[in-house]
Amino acid sequence: MSGTQAWGFTDDRGAQLGAARVPRRVVAYVRAGAALYDLGVIPVAVYGSGHDGDAYDPAKAGVLEAVGVPYLGPGRALDEAVLRELRPDVVVDVTYDGKSPYALDAALVERLGVPLVALSVGNELDLPAVLDRFAALAAGLRIDGREGAGPEGVGVEATEPGAADPAAPVPVPVVVGSDAVGPEIVTPVTVSPATGPGQGAALAEFEAAEAALREAAARSGLGVLALSGAGPEQVHLARPHAWPELAWLAGLGVRLLDPGPGPGANWLTTDWVRAAALRPDLVLFDNREHATPPYALPGGVRLAPWNPETPPSPAAYARFFRDLAEALAP
């Protein structure tokens with residue numbers, strides 16, 4: 001498919017999206033943007049969530065800040081005029097509920113007249129399916145052989161957002177992606193659409209990191225608790241099967257501790273006494289800037305950073321799996 005032919009994508013809200021040509025100028029939520037960068041698509045800018053401030057959160061940025069991709073601040077505080085000046089062809093966000101974009105108002109993008117893609121990072125998909133969806137989107141955005149306009153917008157045609165090429169055919173939405181594989185069947189992930197620059201190596205590294213983590217988990221048997229600190233009096237304890245990556249870790253043999261009954265679908269909010277009572281051997285602590293360091297844990301507990309918003313790319317999860325394997329080692 002050339003850059004002048006119809007582009008289509010069905011996102012994880014079920015929205016069938018189309019454009020007269022392959023989008024080149026991508027504005028994305030920072031987590032999505034970091035994944036797309038890993039997959040060969042360079043955003044022109046990224047924005048944060050309500051948890052984020054006016055500067056990049058290093059835990060969420062990947063290499064975006066280092067390579068000069070501008071950060072616009074929290075998505076729900078975005079200035080429409082600033083977004084219009086960027087002339088995006090598509091906006092990419094994530095969704096946790098399969099209904100709404102997570103980090104910005106859909107109405108803002110509707111006023112721009114460009115497609116809004118929302119990809120699921122919630123527990124209705126397992127980790128390989130999440131990775132596959134981002135890879136499929138990246139492949140569609142690379143479909144004319146280019147890798148995105150980049151932060152400087154080099155080579156971008158001067159058109160209004162959403163403007164149609166009269167010579168182009170009518171957009172026909174295309175469903176891309178593949179079926180999920182259940183976490184109970186743990187096999188090395190294969191993200192077939194991600195055949196872009198460097199993606200073969202990234203997938204090989206992901207598979208190697210999976211194998212290393214599986215071996216480390218089998219040897220250690222350590223109890224692992226994932227949490228997000230909220231100050232000296234409060235902590236959010238992750239429910240493992242509510243998080244695609246934690247559920248996948250359990251499938252690889254990591255002994256994740258469940259916080260038990262109580263309110264909250266993804267987290268159980270409680271105090272540090274209850275966290276300590278679970279007697280974890282290793283704590284995966286939320287290392288995003290809005291989270292606080294662990295408090296009041298028993299002596300001897302190992303600590304390892306965990307980003308609950310790891311960019312959904314094989315390269316990013318390979319790094320996380322390698323780091324966790326090292327943390328589990330004797």
Side-chain angles (χ1 to χ4, degrees), residues 11 23-96 100-121 130 133-134 137-138 141-142 146-156 161-162 197 228 286-292 305-313 315-317 319-320:
D11 78 357
R24 294 209 59 211
R25 296 182 64 81
V26 179
V27 172
Y29 176 50
V30 61
R31 182 183 187 186
L36 289 174
Y37 184 90
D38 285 347
L39 294 164
V41 176
I42 306 173
V44 296
V46 296
Y47 55 87
S49 73
H51 291 302
D52 296 318
D54 295 328
Y56 268 116
D57 180 341
K60 296 168 69 169
V63 299
L64 294 177
E65 185 174 18
V67 299
V69 175
Y71 172 73
L72 305 176
R76 297 193 186 276
L78 278 179
D79 187 308
E80 184 174 336
V82 171
L83 199 53
R84 284 189 180 278
E85 287 177 3
L86 288 166
R87 306 192 327 276
D89 297 318
V90 66
V91 175
V92 181
D93 209 303
V94 302
T95 179
Y96 285 91
S100 305
Y102 168 63
L104 91 173
D105 292 321
L108 172 61
V109 183
E110 289 175 6
R111 291 195 294 271
L112 297 180
V114 300
L116 169 61
V117 177
L119 294 183
S120 178
V121 291
V130 171
R133 292 294 286 149
F134 276 86
L137 176 61
L141 295 174
R142 293 193 316 264
R146 296 174 293 187
E147 298 178 20
E152 299 302 322
V154 176
V156 177
S228 180
D286 185 346
N287 67 338
R288 294 173 296 175
E289 282 199 332
H290 73 273
T292 59
W306 168 50
N307 176 12
E309 297 190 80
T310 298
S313 72
Y317 274 103
R319 290 190 292 271
F320 172 51

> Are any non-hydrogen side-chain atoms of F134 and V94 less than 4.5 angstrom apart?
yes
> Quick one: does any side-chain atom of T95 pair with a main-chain N or O of S120 as donor and acceptor, under 3.5 Å?
no
> Between the side chains of D52 and Y47, does any donor sit under 3.5 Å from an acceptor?
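No pair is found: no donor N or O on one side chain lies under 3.5 Å from an acceptor on the other.
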> Please report the closest heavy-atom contact between A118 and D11, naming both atoms and the distance.
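Closest approach of A118 to D11, heavy atoms only: N-OD2, 3.0 Å.
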> Check the pair V114, D89 against side-chain contact (heavy atoms from CB on, under 4.5 Å), reporting the backbone distance first and the verdict last.
CA-CA 6 Å; V114 300; D89 297 318; 5.8 Å; no
> On a heavy-atom basis, which atom in A45 and which in L86 lie closest, and how many Å separate them?
CB-CD1, 3.8 Å
> Considering only heavy atoms from C-beta outward, does the side chain of V130 approach that of R133 to under 4.5 Å?
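Side-chain contact under 4.5 Å: no.
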> Which residue is it: D93, L78, V91? I am looking for the one with a side-chain contact (heavy atoms from CB on, under 4.5 Å) to V109.
V91
> Do L64 and Y71 come within less than 4.5 Å of each other through their side chains, counting heavy atoms only?
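L64 does not reach Y71 side chain to side chain.
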> Hey, what do you get for CG (N287) to NZ (K60), rounding to the nearest 0.5 Å?
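Output value for this atom pair is 11.0 Å.
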> At their closest point, which heavy atom of P311 faces which heavy atom of A316, and how far apart are they?
O-CB, 3.3 Å
> How many angstroms lie between CG in L39 and CZ in R142, if you round to the nearest 0.5 Å?
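Spacing of CG (L39) from CZ (R142) equals 7.0 Å.
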> State, to 0.1 Å, how close V41 and V26 come at their nearest heavy-atom pair, and which atoms those are.
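So the two residues come closest at CG1-CG2, 4.1 Å.
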> What are the two closest non-hydrogen atoms of P312 and V121, and how far apart are they?
CG-CG1, 4.3 Å
> Would you say the side chains of E309 and Y29 form a donor-acceptor pair under 3.5 Å?
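Yes, because at least one side-chain N or O of E309 sits under 3.5 Å from a partner of the opposite role on Y29.
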> Check whether R25 reaches the backbone of V90 with its side chain - one donor and one acceptor, N or O, closer than 3.5 Å.
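Side chain of R25 to backbone of V90: no pair is present.
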> So how far is it from R319 CZ to N307 CG, rounded to the nearest 0.5 Å?
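One gets 11.0 Å once the value is rounded to the nearest 0.5 Å.
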> On the 0 to 90° scale, with breaks at 30° and 60°, tag the H290-H51 ring pair as parallel, tilted or perpendicular.
parallel
> Let me confirm one number: the CG-CD distance from L116 to E110, rounded to the nearest 0.5 Å.
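Taking CG in L116 and CD in E110, the distance rounds to 8.0 Å.
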> Quick one: CG on L83 to CG on L112, what's the gap to the nearest 0.5 Å?
5.0 Å
> Quick check: do D54 and P74 have side-chain heavy atoms less than 4.5 Å from each other?
yes
> Using modelled atom types only, decide if a donor and an acceptor are shared between the side chain of D286 and the backbone of R288 within a distance under 3.5 Å.
yes
